[in-house]
There are 4 protein chains.
Amino acid sequence: MSRQKTIDQTQLFYETEQLILEAGYTGFHFKALAERLGVARSTIYNYYPRKEELITAYMLHLIEEAVRKMDDAIKSEEPLKTLLRIWVKYANMHQMLQIMPYIDQKATPKVEENTQKMYALFREMKKKISDVLYKGQQEGQIRTDIQMPTLVGLMMATVQIPVHHTELEEWVNEVHDLLLNGFTN
Amino acid sequence: MSRQKTIDQTQLFYETEQLILEAGYTGFHFKALAERLGVARSTIYNYYPRKEELITAYMLHLIEEAVRKMDDAIKSEEPLKTLLRIWVKYANMHQMLQIMPYIDQKATPKVEENTQKMYALFREMKKKISDVLYKGQQEGQIRTDIQMPTLVGLMMATVQIPVHHTELEEWVNEVHDLLLNGFTN
Amino acid sequence: MSRQKTIDQTQLFYETEQLILEAGYTGFHFKALAERLGVARSTIYNYYPRKEELITAYMLHLIEEAVRKMDDAIKSEEPLKTLLRIWVKYANMHQMLQIMPYIDQKATPKVEENTQKMYALFREMKKKISDVLYKGQQEGQIRTDIQMPTLVGLMMATVQIPVHHTELEEWVNEVHDLLLNGFTN
Amino acid sequence: MSRQKTIDQTQLFYETEQLILEAGYTGFHFKALAERLGVARSTIYNYYPRKEELITAYMLHLIEEAVRKMDDAIKSEEPLKTLLRIWVKYANMHQMLQIMPYIDQKATPKVEENTQKMYALFREMKKKISDVLYKGQQEGQIRTDIQMPTLVGLMMATVQIPVHHTELEEWVNEVHDLLLNGFTN
DNA sequence: CATGAATGAGGCTTCATTCAT
DNA sequence: GATGAATGAAGCCTCATTCAT
């Protein structure tokens, strides 16, 4: 019925991610993206009529995936460590979130919708972390004299800690230990 | 009647900072800057012949100031807490550093120079933090089973923790406590 | 469930007309047209390989219809009034004619052909009006001291007079009276 | 203080008018305009940041001029004929008004403002014509059995009558006569 | 120095049109 | 025939930068 497709969602999202990571939002154009994909610029417009629509669709997809994994994480034995592992694997998600303020969130209704959903999911993620920590408090392992948002904040901030380690798992162990026990002996 | 016609360095840096904070690197143009300053766009070129030159000059200035304050900090009684306080007060510096990758660092020799200096200063800052922690290790307060970059990394990551507190000092105390003693009871 | 998949000439012309009337030539695209018709854009190309071909075909069809009606009109008792009535009913034809200059009339041989035919028919229409007026002059009702093109021109210009009337027939009567007897008492 | 100007308002408006008359709204681009003016496309943007802004500014200017002339006209001896003369001299204004529907009237606040003003002036023009006709009615020359909007409409429609005459004044005389006395002997 | 004027490069989008199935 | 896919040409617009005064 029609010609063969040359770009698929997966590849499109993959190159979108790569381009943003390499060039930042400033350097993210359909021109550059088209070159990477080896298609004409206008072709992309047949899929996403607006730069912002593609970018938010991609982000939404990313965060949805992360949230799904977290759901499983919570049921694991060491939930905090598992959350940490996921959170760090999705470190680029964190980077993406930082570019949100520079996106025209009212570009099209679709963009607005995607944005809303993303923020909702992001709040959900924080909620999941809170829940794990709260459970720890109930069970007496986690201290209660620090405000919850500060606890969550520190946990989430760890994404910024560079990975000097041979294995990601080493990083996870070290940071987990540090979070739980602090700097002091 | 007419707005101020001459450019004042201080105001120039101030507006540069504001503009970047409000609009990000994407929204940082000489056009917008000139409007804020109430001068013609071309006037700015008499001071900084290149957008990148202005931006790196401003950042360099910012980081120099922070480093200077840190020098004093180290001599204080609670050096870690003082460092934390400074680091957080210069939180925007952190934001600025994140835009560095998107700046054409070879635009002009001056830009290259500024960039080099900035990175040097940034390394110096990390060194200062390391030193404080190292001293703590020598004195037996800080644990030695965690790699130094991880310690420094966590300390620096704290800028990301949102400030829900009435007073910045509360935030500092809470985060300091958390860093030292960890999540557990 | 799905919208009609085959194109029907009548509907095609109908939507063409509607779209031009609503959006003007500027807003007349195959994209918009295809949406209205509920078919793929490319489908239209199976019928009209060129935008201009469709548009001129439609116009030709419209003007042919009008000319046919005028033929009958001339045989009526009040030929001028009847012509006026037809002319006004085909007011959109007038609008269409105004977009002709902006169409690439040499796009394809077919377009050229349609255009030629249209202009011929249009001249024929003017001829018919002239004939009616000329007959009036012969019979002594219509004055002869005004150049014929001016008479015809005024008659055709009436299409621009807005219809504030409840019934179109009222408009016709009023304008007819005005044309014949003028502004004065 | 600055470089010499290469385009002035007058020339800009003149070329705008010519281009619209020749190419219609479809063919009116800054690209074409810039070529005519012999400047870079972007230069025009320094004056009018939006295509619609230029076009509406030009139209407003045109209609303002016409209204001003009409004011004088009304005091003349043969006001209706004078109005007719002016109206026809500004025939292109009429053409401009017809493209209004295809302009994005909400493009910018300035565009909206211009549009509002234009419509107001246009209503004013119609009012002036009405006033002249009304005065004629009071003085017993103009018939009162035809609705005023129809009278005004016919008068305004005359712009559409082609000028086959050697002198514009001949056209004016002929049309004026025709309007007043009608087609009949 | 300050400025208004001009410009080119580059990014954003839309649409007519072609083509393989 | 009908369609989805791809594309190029063309128009829109913004901004860094240069230049003459």
Q. Does the separation of the ring centres of D:Tyr58 and D:Phe13 fall below 6.0 angstrom?
A.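 Yes; D:Phe13 has its ring centre under 6.0 Å from that of D:Tyr58.
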Q) Do the two ring centres, one from B:Phe30 and one from B:Tyr45, sit under 6.0 Å apart? A)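 Distance test on ring centres: under 6.0 Å, yes.
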(Q) Using a heavy-atom cut-off of 4.0 Å across all strands, would you classify D:Leu37 as base, sugar-phosphate, or nothing? (A) nothing
Q: Have a look at A:Tyr47 and say if it touches a base, only the backbone sugar-phosphate, or nothing, with a 4.0 Å heavy-atom cut-off.
A: sugar-phosphate
Q.
Pairs counted only when both distances fall under 3.5 Å, Watson-Crick or G-U: show me the 5' to 3' dot-bracket for DNA chain F, [ ] for pseudoknotted crossings and | for other-strand partners.
A. .||||||||||||||||||||
Q: Mind running side-chain contact (heavy atoms from CB on, under 4.5 Å) on C:Ile103 and C:Met59 for me, showing each step along the way?
A: CA-CA 12 Å; C:Ile103 294 176; C:Met59 287 187 190; 4.1 Å; yes
May I have the distance from [X] (atom [atom1]) to [N] (atom [atom2]), rounded to whole angstrom?
{"X": "A:Arg3", "N": "E:dA20", "atom1": "CZ", "atom2": "P", "value": "7 Å"}
{"X": "C:Glu35", "N": "E:dC15", "atom1": "CD", "atom2": "P", "value": "9 Å"}
{"X": "D:Lys51", "N": "F:dT14", "atom1": "NZ", "atom2": "P", "value": "14 Å"}
{"X": "C:Ile44", "N": "E:dC15", "atom1": "CD1", "atom2": "C1'", "value": "13 Å"}
{"X": "C:Glu53", "N": "E:dA16", "atom1": "CD", "atom2": "P", "value": "15 Å"}
{"X": "B:Lys31", "N": "E:dT7", "atom1": "NZ", "atom2": "P", "value": "18 Å"}
{"X": "B:Tyr25", "N": "F:dT14", "atom1": "OH", "atom2": "C1'", "value": "15 Å"}
{"X": "B:Asp8", "N": "E:dC1", "atom1": "CG", "atom2": "P", "value": "14 Å"}

So, is [X] near the phosphate of [N], with a side-chain N or O under 4.0 Å from OP1 or OP2?
{"X": "A:Thr43", "N": "F:dA5", "result": "no"}
{"X": "C:Arg50", "N": "E:dT17", "result": "yes"}
{"X": "D:Thr6", "N": "E:dA6", "result": "yes"}
{"X": "C:Tyr45", "N": "F:dA2", "result": "no"}

Q | Toward the 5' end of DNA chain E, by each residue's nearest nucleotide, D:Ala40 or A:Glu52 | A | D:Ala40
Q: Walk me through it: do B:Thr108 and B:Glu52 pass the test side chain to side chain donor-acceptor pair (under 3.5 Å)?
A: CA-CA 8 Å; B:Thr108 69; B:Glu52 289 85 357; over 6 Å; no
Q: Give, for atom CE of A:Met100 and atom OG1 of A:Thr56, the distance between the pair rounded to the nearest 0.5 Å.
A: 7.0 Å
(Q) For A:Lys106, is there an ion pair with A:Glu112 - N to carboxylate O distance below 4.0 angstrom? (A) no
Q: Measure from the side chain of B:Ser42, starting at C-beta and using heavy atoms only, and say which of F:dG11, E:dG4, F:dA6 lies closest.
A: E:dG4
Q) Taking for each residue the nucleotide of DNA chain F bearing the nearest heavy atom, is the 5' side occupied by D:Phe30 or by B:Arg41? A)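 Result of the comparison: D:Phe30.
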**Q.** Quiz item: D:Asn46 side-chain donor-acceptor pair to E:dA5 base, under 3.5 Å
**A.** no
Q: Starting from the C-alpha separation in whole Å, work towards a yes-or-no answer on side-chain contact (heavy atoms from CB on, under 4.5 Å) for C:Asp104 and C:Val111.
A: CA-CA 8 Å; C:Asp104 176 5; C:Val111 170; over 6 Å; no
Q: Given side-chain contact (heavy atoms from CB on, under 4.5 Å), test D:Thr16 with D:Phe28 step by step and report yes or no.
A: CA-CA 8 Å; D:Thr16 297; D:Phe28 177 81; 3.8 Å; yes
